[in-house]
Undergrad: 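Here it is: the structure, laid out below.
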Protein chains: 2
Amino acid sequence: MSRSATRERIEEKADALFYEAGFEATSFADIAGAVGISRGNFYHHFKSKDDILDAVISRRLTATRAMLEAWDTDAAPKDRILSFIRILITNRTKIMAFGCPVGTLTTELAKLDHIAESRAAEIFGLFRDWLADQFRALGHKDDADALALHVLARSQGVAVMASALKDEAFLRAEVSALETWLDRLPDQTSTKG
Amino acid sequence: MSRSATRERIEEKADALFYEAGFEATSFADIAGAVGISRGNFYHHFKSKDDILDAVISRRLTATRAMLEAWDTDAAPKDRILSFIRILITNRTKIMAFGCPVGTLTTELAKLDHIAESRAAEIFGLFRDWLADQFRALGHKDDADALALHVLARSQGVAVMASALKDEAFLRAEVSALETWLDRLPDQTSTKG
DNA sequence: CCAGCACTAGGACGTTCGTCCTAATTTGTC
DNA sequence: GACAAATTAGGACGAACGTCCTAGTGCTGG
C-alpha cells in the first residue's frame, strides 16, 4: 500500500516535471526533491531514468483512454470532437507556458533518438483513432483518418504558437476557427450517395 | 580571417546540433568534436553556452531575413506565401526527423525558462510580419495578422505531427490542404467596398 | 628579427549527473 | 514478540558537464 502510494507520487511529480521542464532537463534530484524523498529511495521503485519515463508514458496513455471514454458519453459525434478541441481552452494556461504535453515530449524524444519515442507517439495514436471514429460516425467513410490527423495537426499548431507568443487571444481565435471548420463540415449521415 | 572562419564553423555545427539533438542535450564536447577543435579553443570564440546560443539565434534571424528577402522577388503575394508553405516540402526529411527548427527551439527554451526564449521567438516574428505584409497586399486590411498567424500555426502543426508520425503522405496532404485554403482565400485587391 | 597578439590544445576545477551500495527503519505475518 | 520482506535514507562511484587556466603555436606589424 505504502509502496504504490510512493510510486504514485513519484510518477505524478515526474509527469509534471517532464512536462514543465522537459525529460532531459529533469534530474532524479529534481523529482526526489519535489516528492520529498531521497535519491536512494528512488531506485527501489524505478531502476533507471528510462524506467520512470516508461511509467509516465503508461500513465498518460491510461489517462488519455479514460478521458476519451468519458467523452464517449456525449451523444453527438461533433460534440465529442468539440470536447477534444476545447482542451486547448481548458488547459490554456499550461499550454501557453509549456506547450502540449504530448507534442513536446514526442518532439524531445525524437531529438534524443530515445527508444520510448514510439510509445510516446502512441498517445497521438489514441486521439487519432478516437477522432477517426467520430468522423466515421459523421459519415466520413474514406477521409475519417485524414480529418482526424487534420484536427490533431491544427491543435498542435495552436499549442506551439500559443506557447511561443504567450497570446491567449490568438489561442481563442484559432480554437474558434477550428470550431467553425468543424461546424461547416458536412454531416454525411443518412445523406449517402 | 582565420578567426571568423573557425567561429563560422562552430556556429554552423552548433546550429545543426541544437536542431537535431536539442540545445540542452548538446554539449560543448559534442560541438567541439563535430568541428574538430579542442574545448579550450572553444572558449576563445564563445565565452559560454548561452553565448553560442545567442550566436545561433542571430544566425537564424539573419538567414530568415535573407530568405524572406529572396521571396520578395516573386511578383504575386500568393506565390510568396506559397514559397513559405512549401518549406515543409523542401525540408520534409529533416522536419520528419527533428520537427521545425524554430518551433522546437522555442518550445525547448520555454521549458528551460531560458532568457533567450524571446529572441528565438523573434524568428516567428519575422515570418509573422512578412506573411501579414503579403495578406495585406492581397487586400486583407484588418485580418492580415490573424491570417499570418493561422498559416504559421498550420505549418507548425504539420511539422509536429509529421515528426511524430514520420509520415510523408500526411505531410504532403496537409500542405495541399493549406494550399487549397490559400487558393480559395478571397483576393480582395481592387474589390474594395 | 623580434615583440605582441590572435589562436589553439589540453588538462584541471568544482559540480551535477545517473547509478549503485549499505545500513537503518518500517511493515506485515506467524 | 520475532523474523522476513519491503521501504527508506544517505553516501560513494565514475563519468560528463560547463568553465577556467596555462602553455605553446603561428601570424603580423614595426
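Residue numbering restarts at 1 for every chain, and letters A, B, ... go by the order of the sequence lines.
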Undergrad: Decide yes or no for A:N41 and A:V35: does some side-chain heavy atom of the first lie under 4.5 Å from some side-chain heavy atom of the second?
TA: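 Side-chain contact under 4.5 Å: no.
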Undergrad: Round to a whole Å and report the spacing from CG of B:D51 to C1' of D:dG18.
TA: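 The distance from CG of B:D51 to C1' of D:dG18 comes to 13 Å, rounded to the nearest Å.
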Undergrad: Can we say A:R59 and A:E8 salt-bridge, meaning some charged N sits less than 4.0 Å from an Asp/Glu carboxylate O?
TA: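 Between A:E8 and A:R59 there is a salt bridge, with a charged N closer than 4.0 Å to a carboxylate O.
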Undergrad: Which whole-number value in Å describes the distance from B:K47 NZ to D:dG18 P?
TA: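 Rounding to the nearest Å, NZ of B:K47 and P of D:dG18 are 16 Å apart.
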Undergrad: Going by number, which of residues 10-18 of chain B have a non-hydrogen atom under 4.0 Å from DNA chain D?
TA: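 By residue number: none to list.
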Undergrad: Answer whether the closest heavy-atom distance between the side chains of B:V102 and B:F124 falls below 4.5 Å.
TA: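 They are in side-chain contact.
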Undergrad: Looking at every non-hydrogen atom in both residues, tell me the closest pair between B:A25 and B:D30 and how far apart they are.
TA: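 So the minimum-distance heavy-atom pair works out to O-OD2, 3.7 Å.
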Undergrad: When you measure from the side-chain N and O atoms of B:T6 to the phosphate of C:dT8, is any distance below 4.0 Å, counting only OP1 and OP2?
TA: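 For B:T6, the contact criterion (side-chain N or O under 4.0 Å from OP1 or OP2 of C:dT8) is met.
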Undergrad: Is it the case that one hydrophobic cluster holds both B:W181 and B:V158, taking links as side-chain heavy atoms less than 4.5 Å apart, direct or via other members?
TA: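 Yes, because B:W181 and B:V158 connect within a single hydrophobic cluster, where side-chain heavy atoms sit under 4.5 Å apart.
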Undergrad: Could you check whether B:R65 pairs with B:E69 (Lys NZ or Arg NE/NH1/NH2 to Asp/Glu carboxylate O, under 4.0 Å)?
TA: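 Salt bridge flag = no for B:E69 with B:R65.
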Undergrad: Taking C-beta and beyond as the side chain, do B:F84 and B:S155 meet within less than 4.5 Å on heavy atoms?
TA: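 Side-chain contact under 4.5 Å: yes.
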Undergrad: Does any non-hydrogen side-chain atom of A:E179 lie less than 4.5 Å from one of A:K78?
TA: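 No - every pair of side-chain heavy atoms lies 4.5 Å or more apart.
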Undergrad: Using side-chain heavy atoms (C-beta onward) and a distance below 4.5 Å, is A:L149 in contact with B:L165?
TA: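 Of all side-chain heavy-atom pairs linking B:L165 with A:L149, at least one is under 4.5 Å.
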Undergrad: Give every pair of a protein N or O atom and an N or O atom of nucleotides 14-17 of chain D that lie under 3.5 Å apart, one pair per line with the distance.
TA:
{"from": "D:dC17", "atom 1": "OP1", "to": "B:S27", "atom 2": "OG", "distance (Å)": "3.2"}

Undergrad: Figure out the CZ/C1' separation between B:F42 and C:dA9, and round it to whole Å.
TA: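 For the pair B:F42 CZ and C:dA9 C1', the rounded distance is 15 Å.
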Undergrad: OP1 or OP2 of D:dC20 sitting under 4.0 Å from any side-chain N/O of B:Y43?
TA: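 B:Y43 to D:dC20 OP1/OP2: no side-chain N or O under 4.0 Å.
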Undergrad: Rounded to whole angstrom units, what separation is found between the CD1 atom of B:I37 and the P atom of D:dG24?
TA: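 So the two atoms are 21 Å apart, to the nearest Å.
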Undergrad: Between D:dA5 atom C1' and A:H44 atom NE2, what is the distance in whole Å?
TA: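 Interatomic distance, NE2 of A:H44 to C1' of D:dA5: 9 Å.
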Undergrad: Between the main-chain N or O of A:W130 and the side-chain N or O of A:Q134, is there a donor-acceptor pair closer than 3.5 Å?
TA: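 Yes.
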Undergrad: When you measure from the side chain of B:D167 to the backbone N and O of B:A169, does any donor-acceptor pair fall under 3.5 Å?
TA: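 Flag set: sc B:D167 to bb B:A169 pair under 3.5 Å.
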Undergrad: Just how far, in rounded Å, is P of C:dT8 from CZ of B:R9?
TA: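 Spelled out: CZ on B:R9 to P on C:dT8 is 8 Å.
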Undergrad: What's the CZ-P distance between B:F46 and C:dT8, to the nearest Å?
TA: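 Taking CZ of B:F46 and P of C:dT8, I get 12 Å after rounding.
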Undergrad: Which atoms of nucleotides 10-13 of chain C (N or O only) lie under 3.5 Å from a protein N or O atom, and what are those distances?
TA:
none

